[in-house]
Structures are given as C-alpha cells and as structure tokens.
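Source: prediction; values computed, not measured. Chain letters run A, B, ... following the sequence lines, proteins first and then strands; every chain starts at 1.
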Amino acid sequence: MAIVEREPIAEATLVETAAPSAAALRRPHATTGAWSWFTTIDHKKIGILYGATAFVFFIVGGLEALLIRLQLARPNGHVLSAEAYNQIFTMHGLTMIFLVVMPLSNGFANYIVPLQIGARDVAFPRLNAFGYWVFVIGGLFLYSSFLLGGAPNGGWFNYAPLSAHQFAPGHNIDFYVLGIQILGIASLTSAVNLIVTIINMRAPGMSFMRMPVFTWMTLVVNFLLLFAMPVIAVALVLLTFDRLFGTNFFNVSAGGDPLLWQHLFWLFGHPEVYILILPAMGVVSEVLPVFSRKPLFGYPFVVFSGIAIGFMGWGVWAHHMFAAGLGPVATSGFAISTMLIAVPTGVKIFNWLATIAGGSVRAKTPFLMAVGFVTMFVIGGLSGVTHSIVPADTQQTDTYYIVAHFHYVLFGGSMFGLFAGFYYWWPKVFGYSLNDRIGKVQFWLMLIGFNATFGPMHILGLQGMPRRIYRYAPGMGWSTWNFIETIGAFIIAFSVFLFIVNVWRSKRAQVAAGDDPWDARTLEWATSSPPPPYNFAEIPVVHSRDDLWRRKYVEDEDGKVMPVPPVASTEEDQEAGEVHVHMPSPSYFPLVAALGLPIIGYGLIYHLIWVDVIGLLVLLTGVYAWALEPPTEPEVEIEAHGEPDHPDGDGEPEPVPALTAGGTEGGSE
Amino acid sequence: MTDTATQPSPSDEHPVPAEEHAHPSEWRYIQIAIALAIVTAAEVTVYYLSLAKLAMVVILLVMAVVKFSLVAAFFMHLRFDSRLFRRVFITGIALAITVYTIVLLSFGVFLTNRHVTPHVNVPSPTASQ
Amino acid sequence: MSALATSAATTRTHEATPHATSTGLSNVKLAVWAFLASECLLFGALISTYLLYRGRSIVGPYPHQIYDIPYTSVSSFVLLMSSLTMVLALAAVQRGDTRRMRVWLLATALLGMTFVGGQAYEFTSFVRQGLTLHTNLFGSSFFVLTGFHGAHVTIGIVMLLSLFGLSLRGKLGPENAETVELIGLYWHFVDVVWIVIFTVVYLIPS
C-alpha cells in the first residue's frame, strides 16, 4: 500500500537499473490501438476504462437484481434456492456499491476533474492506472468465487460472527474479505492521487472557491475514502485472521464481541454512504446551472454543506446499530447527529431548487436526470431521517423499508445523478452527443420503473416484510406489491437497455457535438471534444468562478447577459503550430503490480504459501520496475500525429491536427 | 479533513517553488534524540514505581504524547514544513482518536472497572440478524 | 470554441507535471502525508481492538504474566534511535554528503532489523510460554497489532536497503534528497506508532 511515485529516483536511474523483467520488456509507446488501453496512464483513457468496466458490472448487478425480483414476484418462488438467493443478493449489493457506483464516480472524477481544474493529468498517472487495474482485478476476484464453490452470502455488511468460519465454513466469505480488501487498496490509491491532484494541480488562478462543485465534491469524497478505507481494512483483516488463522476476534466462546465488527463496519459504512452520493451531488450541481443558464445559487453554501456532510458523516455510524442495543446515551447521541446531518443536505436541495427557479430552463436529458435525482433523493432523504427516530427505527430494521430507503438514495440518488453525468459529459468524452429523444424516453421509463420497484417497498416494510428472505407465504398480503415491484424492475431493465441502444445509435449517427454543446460554464468545455492527450495546449489562467462562462458572456450595466463580442484574432484561429507537450509515458508496471494481489488472495484462501510467494514476487517486481522507470521517457517527446486519441472520438475532424504526445515510431497505428 | 482545502492557497496566482524550510542542524537532531531517550527511561521508571493507576496512566500518556510530538515536529519536520502537511496529519490523528474513543466508550472500556467483571461480553440482541 | 486547445501558436515545451504546483508543495510529499494520515485510522483501529479486548480473555496467559518490559524497552529504544540515524541520513544527503548518507541509511536499516529481530525473538518466547494467535483474545489482538507494525517496519527496511543499493551504484545524489526524506517520513511514522504501542500496550497496566 505504500506505493509512492518516486520521481527523483526514477530520474536518476534509467533503464539499466530496472528489474530484470523490465529489461526484457521495452517500454510501451503506443497511445492508440487495443493494447494501449492496457498500458495507458492517460487520465482520460483511465476514466473511460472505469466507466466502461463499471457499466459492465452494472449490467451484471442488474441481472442479479432481476433474479431477486423474479424469485420474489410470487409467493413461494422457485427461481432460486435459499443458498443461491443469499449469494445473489449479497453479490448484487457488493457489485452495485463497490463495482458500479464507486468506480463510475471515480471514472467521472478521473476524466473530468483534471479538465475542470486546468491540469494536464492527475498528479500520479501510473498510480492512477494501478488503482484502475486493482479495481478490475478485485472485481474479477470477487466474481471468480461463483466458479470456485460459491459467492459471498453474508450480505454486504457480512456480520460477524455469522461470517466466521464456524458458521460459514465454505470459501464464500473468504472471497468477500479478500476481494473487498483488494478493492479497498484501489480506492485508497486513487483517493491519495485525486486529493493531491485537486490540491496541487490547479491552473493558475483556480483558487479553492473558484473550483467547480463537482471537483469540490470529489475532493470531499476522496478525503472520506482516505480515512474510511483503513477502517474497513482492519475489520476485514480481523475477520480474515479469524477465518484463515484461527484468531478469536469474533469468537464469542473465547469472549470475542460481535459488536466490534458492527462498529468497525459502520464506521466505514456510513462515510461510504456519502462516498456514494456526493459525486452525484457534484454532477447535479454542474448540470442544473448549465441547463438553467444561471450560476449555481449559493455556491459557498453548496460547497460548505458538502464539507459539513463529509465531517458529520463520521458522527452517525451507530444509527445502523440501534437495534443492537447500545444503551441510551449512545443511542440518543447518534439519533441527534442523524437528525442534524439532514440539515446540510437540505441546504443543498434548496440551493438546487433556487438555481432552477427563474432560469431559462432547457429540459434536455441531463437536466431531467438531475431533476430526477433531486426529487428521488428528497424521498430517500426523508425516509432516512425517519431512522433517527429510534423506536421507529427499531421497527424498520431489517425490513423492506430499509431496502426502499437506500435504493431511493443510491439508485434514485446516485444512479440518476450519474446518468445525468453520462448524458452531460458524453459529447466531451466521445465528441458526439447521445440522442436526446431516446434519452428522454429512457428517463421517464427509468423514473416510472424505479418508483414502481422501490416505492411499494416502503409499504411492505411497514407491513413487516423482512429483507433477505427468499420466500414468503401467500397469505401475508405482500403478493400484489411484490408483483408490481418485479414489473417495475423489468421496466428499469428496459430503460437501461434503451440507454445501450442510445449509445449504439448515437455512435453510428456521429452527430458532432462541438466543443461546448451545452453552452457550459466550466473549463472542461474550453478544450476540444474529445480533448487532446495533454488537455490544454496552453494552461488556462482562471479569473473567476464559472470561468468559461465569463469568457463567453458579460453583463451590461442593467445586469443583462450578453455575449462577449468576438475578437478578431486571426492568428489564434490558425493552425496551432508546434505544441510539444511532454506527457508521461505509458507503462506496463501498474498492471503487473496489480496482478500480484489476487494471486496473494488465492494463496491465502487455499493456504498455499508458494502461491503467496509468487504473488508477492509479482507485486514487488511491478513496484520496483515502476519505481525505477522514469515517469516520462525523455527521448519520446513527439510531435503531431493526426490521429485522434479515442477510437470512438473521430466524429468531429479537428480543424487543427490533434497533437499526440508520447506516441512514437510504432505508435501511430 | 477538508479544513486544508478551505484555506485559500497562498500562491494561487503565481505558483512559487516549494517553500524553503530551514531544517534544524544535526546537533539539534541529536539533542532531540537525547530528550527522547530520557523520556523513554522515565517511562520505564514510572512503570516500576507503584503509583496509583490513574496517575500512572496520565503520566505515561503525557510522556508518549511528548515523544510523539518531538518526533513529528523535528524528525518529520512538521514544525518547519507547510501547514498543509500538519493539518492533513493532525486531521487523521484527531479523527482516529475521536471515533475510536467513542467506539470504546460505547463498549464501556474506560467507564467500568473491568477487573470486577473481566469476562462479561456485551450481549448483542441482534447479533443473529 | 476550442480556443484553449489550439491557441498555442508558439513552439513551446510544457512539462506534464510542472514542478511548480498550485500550493508550491511537492506532490509526492503531500501524497505521503495523506497516506500517513490514513494510516492513523488503520493503527487506531488495531490499537482500539487491543484495548477493547484487554482484560476480556477467558484463559491465560495474560499480559502481565508474559511481558518482558526491560527487553521491550531496549528494543523500543533501538527503534527510537533509528529515527535519529534516519534524519541524519537526510541531513547528510541534503548537504551533498552521499558517503555519510550511505552510512546512516545502513545504520537505520540495521537498527530496524535489530528491532524486527527482537520482535521475532519476543514472539517465539511468547509462543513458548503458551501464547499464540489462537490462545485467547489477548494473543489474537497482541500478535495482529504488533505483527502489523512489524510488517510496516519490514517494508521500511526494504525501502532503506533499496536506497542503500541505489546509493552504492551512485544513483542517489543530493538531487534525490526528497526521496530520502519521504522514506524517512514513513520510517518516523512507524516509529511514532511504536511510541504509542509501547505505552498503551506494554506499559499501561490493564
């Protein structure tokens, strides 16, 4: 975990000191072609990789959800056995949290944040690649459990001691403890990287209070990750040792305390909730002003309530444990803090509403998705506040009411927000827009399907239907709502299918989007679509919040907004001439280092020391070769190639040859 | 945690090269090490004195904090380096101390005389949920 | 509108990661501090686990029966002094005295190895007295906490020896002073964690 990009060493020690394996491998140079995706360290390509990978997992997790809904559609369902049901709902939760919402948010952060702050890349490009590969490999490791005797089956919070070896003897939970540990390493490296990037890589003039809100929320989220991941790491280590090496941490007969797991888990788990929602709040805070053609209302309040949420998120964890009987003092304290944390969230809601109010609204798909976020999140937020009422919470615990609540914040919140991000930034990333008509149909279907699926769960929960049961008897009065929920789930699935159709059709249609299709406000729209590998030929100098908007519009003395009169700058519109941008070179070693981790994991699960040794050697080889290889190959500073960087991005022929740095002799393929 | 970020950066307009910090002299380092050695010796001494338990705990904790601060301030240069580093690190320490103290308090770790009931395990009614 | 993307009419070389950052602080150093802040929560959780389970073991051996305070005091002292040699190595390389730096780096690594060796001896002696990972809550939480710390020290030793190896080949000069400083930060952090463990785990009576 202590992987640091040690540039100074690297500068001094070139190829000849690299590890033996490094000598055999020539440094990769290609920046295009399929193989380049394995060695890329370009934050934009890594962002796309995060997005694409997470979307695949989204489909897998969605299919798992459909299986759950099919099983529960009728009383006494026969689709899944009890054991299969346990595995499917556990993997559905783990997938959606760790393999979908977190990496999707991270994908947006990776792609957008450096552009928004006017940077050429993140602070540590290879660490960035390492984080991505660890995430992919961790996800595959987790899913390999299906082939190796069964997936985790203890729910996403995996309460000990039920998850201890005594009660869960198979390897299922082993894959949970080690898989989540691997994914935690990915999150931690990426958190360090993005924190340093945002603090240190801002363009001149980009002060903190000029930063776009999405960048702000990314900063808060990554501080949360930085401090939350080690907590779950320890919880997982303790359980791993219990399961694999016979320690007693959760062994009740030796005096071990089940509450320890709950505390450590929720101490991570509640900040995690904000890790999941804050990026979507950031997206919405970008989308609403652009489509209302107004600055974000109360920018400082939105920013500071985001920070406040980040702080207060550390003081509410025990509301997940009210039913465990913590005693009156702890319970009251956490009940009050849980009520209080609704305040900064409410501040944000009103700021968003005030942003829309009085604006000249263009109801394009990103806007609709963002409004969907706000409305659905309000419902989820309100049901969340009800949990602070301890007697009520005791009734609601482990019922479908909880399931309804967190799907309203995680799907109604995060996923709607992230879909707003897809529609909003797609033209920037790929150079063509997504079809707005299909987008709107998708939005309405998703909204209807979502409410049909999760709305009735409130009722079922209050009627007493427990979560995590694989069957229910016909006479319980739950059958109708369950059937409606299943129909709703399939409507959601169809809406996601429409999104895929939309991507496919829009890609074929290749309607060039232009650099700034939404008449937007922030710096990512100031460069071309898709941006060149170095993002900005000239690092912009920032003069205000919403800098791009200020470049485009001025207010006259009456406060009326009018476009800045065009300046006849003939030389500026000309061919850009030579731009030498010295970008970091691609590298194999983040991938090599990442490959070591699952090998160690398998070795631990099957008690094969020699496999652990191999994994450790792979990891060390990768890390050493990485540390000793210079971040940038000095001799491959390259001038223009006419090739656009992204395979999908050749819709709009650039007036100026896109300049690829880092490509080389063989790299123009 | 984000207190660092709310601070306007000193050099937003014109990045300046990494700030020069006057590192202390080697003699200063050795002095600090001597101080550390003395405090460590004192710790061990206190351990063997038969003090009241509370007094002992307080004295030992204070001495540990002193040692911790000396190493962090001088050997890790926090005293001379940018405030940002100090804030990031102190945020981590403060957060850790706060949340884990609350966790331990909720178990009654610092509250009850646990010698009386050394083996009591807080029953968890929902342990099986 | 791609004014920014194409407006560079001059030939100019830009560094992808300019040395002048927006705060004027080094990227790697900020990253290391962020990482160390994160580690506080890691060790905090392990120490809290130990504290929670102190006095809750159902069978012995118990801490006071097994700790050898004079022995552990000496090895704590060794680790503490390795912080001094570490910072002297940094002072040397900042002065441009790579020969001395090499000596101090090696001294730091050797002191670290002494500490880890001492810990290995302590562990085996505890095992001989009947305390293992499985024995009781004390054994589990003690070995996992101190073992994690020992693993951190070991990683530090590997990094120090790597620096030493680089310096033998003349690859570690004053221009790499920051690398020495960063590994030093990690090393000192491991040391301060031990300061806490020594007090909270060994000295404070249960």
Side-chain angles (χ1 to χ4, degrees), chain A residues 2 4-9 12-13 17 120-121 123-124 188 192 195-196 199-202 206 226-227 229-231 233-234 238 241 245-249 254-257 260 264 514-516 526-528 531-532 534 536-538 540 571-572 574 576-584 632 656, chain C residues 1-17 21-23 25 27-28 30-32 34-35 37-42 45-46 49 52-53 56-59 133-137 139-141 143-144 148 152 155 159 162 166 169 171-173 175-179 182 186:
Chain A
V4 177
E5 302 231 331
R6 280 168 290 183
E7 295 176 42
I9 290 192
T13 61
T17 52
R120 289 244 153 81
D121 205 320
F124 306 107
L188 189 67
V192 169
I195 287 171
V196 176
I199 291 180
N200 253 4
M201 307 285 284
R202 286 165 291 134
M206 177 63 84
L226 184 75
F227 293 128
M229 292 331 279
V231 185
V234 170
L238 300 184
F241 269 71
F245 308 117
T247 51
N248 297 310
F249 293 108
D257 199 325
L260 177 64
L264 290 178
D515 295 338
D516 184 16
T527 186
S528 58
Y534 45 82
F536 303 95
E538 193 81 42
E571 72 270 51
E572 277 206 332
Q574 277 173 5
E578 314 267 302
V579 184
H580 293 273
V581 183
H582 210 123
M583 295 300 291
T632 310
V656 175
Chain C
M1 243 313 153
S2 66
L4 288 169
T6 58
S7 66
T10 50
T11 302
R12 189 185 282 219
T13 298
H14 298 281
E15 288 296 322
T17 49
T21 58
S22 30
T23 56
L25 303 170
N27 279 346
V28 271
L30 185 57
V32 168
F35 172 70
S38 165
E39 290 268 277
C40 291
L41 278 108
L42 185 98
L46 289 167
T49 304
L52 170 66
Y53 284 155
R56 282 206 190 185
S57 295
I58 290 171
V59 294
L133 271 176
H134 326 289
T135 313
N136 54 16
L137 286 176
S140 298
S141 52
F143 282 120
V144 170
F148 245 77
H152 274 74
I155 291 169
M159 294 200 286
S162 308
L166 284 175
R169 307 170 68 160
K171 309 283 187 196
L172 194 69
E175 70 280 3
N176 310 119
E178 190 178 40
T179 309
L182 298 177
Y186 173 82

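In this structure, C:F148 has no ring pair (Phe, Tyr, Trp, His ring centres under 6.0 Å) partners at least two apart in sequence or on a different chain. When the side chain to side chain donor-acceptor pair (under 3.5 Å) test is applied to C:T49, no partner is found at least two apart in sequence or on another chain.
At a 4.5 Å heavy-atom cutoff, the contact between A:L264 and chain C is made by side-chain atoms alone. With a threshold of 4.5 angstrom between heavy atoms, A:F249 approaches chain C through its backbone and through its side chain.
Interface remark: of the candidates A:V192, A:L238, A:V196, A:V196 forms the most heavy-atom pairs closer than 4.5 Å to chain C. Top candidate by heavy-atom pairs under 4.5 Å with chain C, chosen from A:N200, A:N248, A:I195, is A:N200.
Between A:F124 and C:V28, the closest side-chain pair of non-hydrogen atoms falls below 4.5 Å.
A donor-acceptor pair under 3.5 Å is formed between the side chain of A:R120 and the backbone N or O of A:A537.
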